[in-house]
Each structure stands twice: as C-alpha cells, then as structure tokens.
Amino acid sequence: RGHHGHPQRGLPPQMVVWDEPSFQGRKREFTAACDSTAECGFSTVRSFKIESGAWAGFEHSGFQGQQFVLERGEYPCWEAWSGSNAYHDRRESRLALFEHENFLGRKGELRDDCPSLPALGWAGSAVGSFLVRSGAWVGSQYPGYRGFQYILESDSHAGRYPHVRHWGSHAQTGQIQSLRRVQH
C-alpha cells in the first residue's frame with residue numbers, strides 16, 4: 001500500500017541502537033528524532049547502525065552539546081570516536097589537512113574527531129597532505145572510520161605528511177573521508 005514507484009526514495013530514516021558495543025545488548029529502532037535517549041529507556045548508546053537517512057547525534061539530551069553528523073553505516077564502538085572519553089584527555093589534538101600535496105591549496109583544521117569530512121563540507125574525497133600539530137590521529141578511507149586506515153602522528157616526521165606515500169605502505173590513493181584522535 002503506497003509502496004509502488006520508487007521505494008528507495010521514500011524510505012523513512014532508520015537508525016538502530018544498542019546499549020552495548022558491537023551491536024550487543026538491548027536494541028531499539030528509531031525512525032524519528034528522539035529528544036532524549038534516556039527517556040526512551042537508553043541511558044547509554046554504545047553502538048548503532050544507520051540503515052537509511054543522515055542523522056545528527058548530540059552529546060546531551062535536548063539536542064545540546066557537541067554534534068556529530070552520522071551517515072549510513074555501522075558504528076560498532078560509539079565511544080571510540082564520539083569524543084565522550086576525549087574530554088578527560090588534557091593533551092589537545094590538532095591537525096591541518098590540505099587539498100594538495102606539500103601543504104598547498106585549500107586548508108582545513110580539526111581539533112576533534114570527524115566521522116565524515118564530506119559532511120563537514122570538505123570538497124572531494126581526497127586529501128593531499130597533512131600537518132599534525134599535536135596528538136595522534138587515525139585517518140580512514142571512508143566515512144564512519146571504515147576502509148583502509150592510516151596513523152598520523154605529531155611525533156613522527158615532525159608531524160609532516162606532505163605526500164600520500166608518507167601515510168603508509170598500503171596508501172594507494174589520497175582518499176581519506178574520516179579522521180579521529182587516538183586516545184592516549
């Protein structure tokens with residue numbers, strides 16, 4: 001009923017959350033905004049999958065606090081990148097990314113985990129070079145910290161990664177679409 005035509009276009013946004021990491025524990029589905037997960041019986045969300053739509057997640061109830069843009073995908077360990085542990089880390093992490101190699105072209109600065117560079121407005125899927133000012137970061141090929149991963153540290157190469165070949169032996173392309181801080 002009402003599903004003929006283009007069902008994929010009419011898919012309601014859908015997100016499934018669990019109260020334990022790796023999609024374990026109690027499970028709950030959301031197809032609409034939720035002002036407070038606690039009121040829905042979830043004091044903590046530890047992992048989730050986004051089946052359709054793009055969602056904005058907030059650190060506190062009432063849509064307050066740090067915001068995360070979440071796209072379709074699996075997030076088996078929310079704390080690993082949500083920054084919920086990061087506030088106890090006194091070492092500030094800072095990273096600059098550049099459109100072209102040798103620190104040229106358009107520049108972006110990150111101080112916080114970024115589950116999707118495209119969602120932040122970074123044009124294109126590639127990054128040309130990195131300057132890690134402090135801390136250590138993991139760059140991933142796809143949004144949601146998926147795909148090939150590269151470690152970028154301020155302690156090695158003086159934090160300078162002017163070309164894709166400096167990221168690691170398996171780096172074939174400059175495609176990096178998400179970045180998160182490594183917790184020390």
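We count residues from 1, following the sequence as given.
- With hydrogens and angles disregarded, no donor-acceptor distance shorter than 3.5 Å links the side chain of Ser140 to the backbone of Gln149.
- Taking hydrophobic clusters as Ile, Leu, Val, Met, Phe, Trp and Tyr residues chained together by side-chain heavy-atom distances below 4.5 Å, Val127 does not share a cluster with Leu131.
- At a threshold of 4.5 Å between non-hydrogen side-chain atoms, the residues Phe103 and Pro162 count as touching.
- Ion pair Arg26/Glu20 not flagged as a salt bridge, since none of the NZ, NE, NH1 or NH2 atoms sits closer than 4.0 Å to an Asp/Glu carboxylate oxygen.
- Cation-pi geometry between Arg106 and Trp122 is met: the NZ or CZ atom falls under 6.0 Å from the ring centre, inside 45° of the normal.
- Looking only at distances, no side-chain donor or acceptor of His157 sits under 3.5 Å from a matching main-chain atom of Gly159.
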Between Trp137 and Val182, does a side chain to side chain contact (heavy atoms under 4.5 Å, CB included) hold up when you go through it step by step?
-> CA-CA 5 Å; Trp137 298 71; Val182 177; 5.7 Å; no
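- Residues Leu110 and Phe98 do not share a hydrophobic cluster, defined by chaining ILVMFWY side chains whose heavy atoms lie under 4.5 Å apart.
- Judged by distance alone, the side chain of Tyr161 and the main-chain N or O of Glu153 form a donor-acceptor pair under 3.5 Å.
- At least one side-chain heavy atom of Ser125 sits under 4.5 Å from a side-chain heavy atom of Gln177.
- Side-chain atoms of Asp19 do not come within 3.5 Å of backbone N or O of Gly25 as any donor-acceptor pair.
- The same ILVMFWY cluster, assembled from side-chain heavy atoms under 4.5 Å apart, contains both Trp167 and Phe148.
- Transitive grouping of hydrophobic side chains (ILVMFWY, heavy atoms separated by less than 4.5 Å) brings Val16 and Phe23 into a common cluster.
- Looking only at side-chain heavy atoms (C-beta outward), Met15 and Phe48 come within less than 4.5 Å of each other.
- Heavy-atom minimum distance, Thr173 versus Tyr150: O-OH, 4.3 Å.
- Glu109 has a carboxylate O that lies under 4.0 Å from a charged side-chain N of Lys107, or vice versa, which qualifies the two as a salt bridge.
- Listed here is the closest heavy atom pair of Asn102 and Ser129: N-OG, 3.6 Å.
- The distance from the NE2 atom of His163 to the NE2 atom of His100 is 13.0 Å, given to the nearest 0.5 Å.
- Counting only distance, with no hydrogens or angles, the side chain of Thr31 and the backbone of Gln14 share no donor-acceptor pair below 3.5 Å.
- Annotation: side chain of Arg181 is in contact with side chain of Asp112 (closest heavy-atom distance under 4.5 Å).
- By the neighbour-count criterion of 12 heavy atoms within 6.0 Å, atom CZ of Arg94 is densely surrounded, having more than that number from other residues, nucleotides or ligands.
- Closest approach of Pro115 and Ser178 over heavy atoms only: O-CB, 3.3 Å.
- Both Leu95 and Leu120 belong to a single network of hydrophobic side chains, linked directly or stepwise wherever heavy atoms of I, L, V, M, F, W or Y lie under 4.5 Å apart.
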For side chain to side chain contact (heavy atoms under 4.5 Å, CB included), just list the numbers for Phe130 and Leu179, CA-CA rounded to whole Å, side-chain angles, deciding distance to a tenth of an Å, and then say yes or no.
-> CA-CA 11 Å; Phe130 285 101; Leu179 285 151; 3.9 Å; yes
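- Here the side chains of Val138 and Leu152 are not in contact, with every heavy-atom distance at 4.5 Å or above.
- With contacts defined as side-chain heavy-atom distances shorter than 4.5 Å, the pair Tyr145/Asp113 qualifies.
- Put simply, the side chain of Ser154 never gets that close to the backbone of Val132: no donor and acceptor are under 3.5 Å apart.
- Across Tyr142 and Gln175, no two heavy atoms sit closer than the pair CE2-NE2, 3.1 Å.
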